[in-house]
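Just below is one structure, and these are the notes that go with it.
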Amino acid sequence: VANDEDGTFHDPNKRHHGHCYHHNDYYCDNELGISFPKAQLGFGLNYFVTPELAVGGRYIYRHDFRENTLKAVWGGGPELTYYFGRPHDSIRPFVGSSLLFTRALDRFNREQLEQGVSLNMRGGFNIALSPSVGFILQSGYQNDQLPGGDRDPRVSKTLGFGCGFTASIN
């Protein structure tokens with residue numbers, strides 16, 4: 001679940017008694033009264049070169065529910081993650097960054113855009129559920145830069161938070 005840098009997570013005038021009304025600028029769940037402009041799914045695979053440093057790759061897919069030019073962004077690339085504490089700590093903070101080579105789909109003419117780049121920075125906590133399984137709570141920032149063809153480049157800056165699972169093989 002993500003929020004754009006302009007701070008318009010949702011229009012408070014569109015909510016009433018825990019329900020949100022359909023609006024073209026964001027996805028709205030009327031049962032829960034929750035709205036958000038973007039949803040992103042990410043997958044990472046890493047190898048620990050030291051007990052604190054992991055190198056690997058990350059793949060993302062993001063869907064934008066707002067009425068802007070980018071409908072979807074996807075791509076992958078190298079990732080570097082640094083973990084604080086010892087490998088078997090029950091809660092282990094981390095920071096990471098990845099450089100993603102991305103593609104996007106234009107919302108209005110449904111054309112696939114030329115390849116661009118995204119810088120993804122994140123930080124959070126890995127909470128151990130067992131020696132080989134964990135739960136992640138994280139927050140991050142992503143800056144997408146995509147060519148605009150005959151128009152200005154398309155830029156998307158996103159602040160977000162998320163959760164996930166980890167598994168390790170010894």
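From a predicted model like this one, the values you see are computed outputs, not experimental measurements. Heads up: numbering here begins at 1 and tracks the sequence.
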How close do [X] and [Y] get, heavy atom to heavy atom, and via which atoms?
{"X": "Asn120", "Y": "Gln40", "value": "ND2-NE2, 4.2 Å"}
{"X": "Arg58", "Y": "Gly42", "value": "NH1-C, 4.0 Å"}
{"X": "Leu146", "Y": "Ala104", "value": "CD1-CB, 3.6 Å"}
{"X": "Phe101", "Y": "Gly77", "value": "CD1-CA, 4.5 Å"}
{"X": "Pro131", "Y": "Ser168", "value": "O-OG, 3.9 Å"}
{"X": "Asn46", "Y": "Ala54", "value": "CB-CB, 3.9 Å"}

May I ask you to test the [X]-[Y] pair for a side-chain heavy-atom distance under 4.5 Å?
{"X": "Leu80", "Y": "Ser97", "value": "no"}
{"X": "Tyr61", "Y": "Phe43", "value": "no"}
{"X": "Tyr47", "Y": "Val49", "value": "yes"}
{"X": "Ile91", "Y": "Asn126", "value": "no"}

Working for side-chain contact (heavy atoms from CB on, under 4.5 Å), residues Leu105 and Trp74: CA-CA 9 Å; Leu105 183 64; Trp74 65 93; 4.1 Å; yes
Salt-bridge criterion met for Asp89 and Arg92 (N-O under 4.0 Å): no
Residues which pass side-chain contact (heavy atoms from CB on, under 4.5 Å) with Leu41, listed by chain and number, not counting sequence neighbours: none
Residues in side-chain contact (heavy atoms from CB on, under 4.5 Å) contact with Asn143, at least two apart in sequence or another chain: Tyr141, Gln145, Val155, Lys157
Side-chain (Ser98) to main-chain (Leu100) donor-acceptor, under 3.5 angstrom: no
Pairwise salt bridge (charged side-chain N to carboxylate O under 4.0 Å, His left out) hits with a residue in residues 129-144, at least two apart: Arg62-Asp144
Quiz: residues 132-140 side-chain donor-acceptor pairs under 3.5 angstrom, not counting sequence neighbours:
{"residue": "Gln138", "atom": "OE1", "partner": "Arg122", "partner atom": "NH1", "Å": "2.6"}
{"residue": "Ser139", "atom": "OG", "partner": "Gly160", "partner atom": "O", "Å": "3.1"}

Partners meeting ring pair (Phe, Tyr, Trp, His ring centres under 6.0 Å) with Phe94 (sequence neighbours left out): Tyr83
Listed partners of Phe125 passing ring pair (Phe, Tyr, Trp, His ring centres under 6.0 Å), at least two apart: none
Gln115 vs Thr102, side-chain contact (heavy atoms from CB on, under 4.5 Å): CA-CA, chis, key distance, verdict: CA-CA 6 Å; Gln115 182 171 307; Thr102 54; 5.9 Å; no
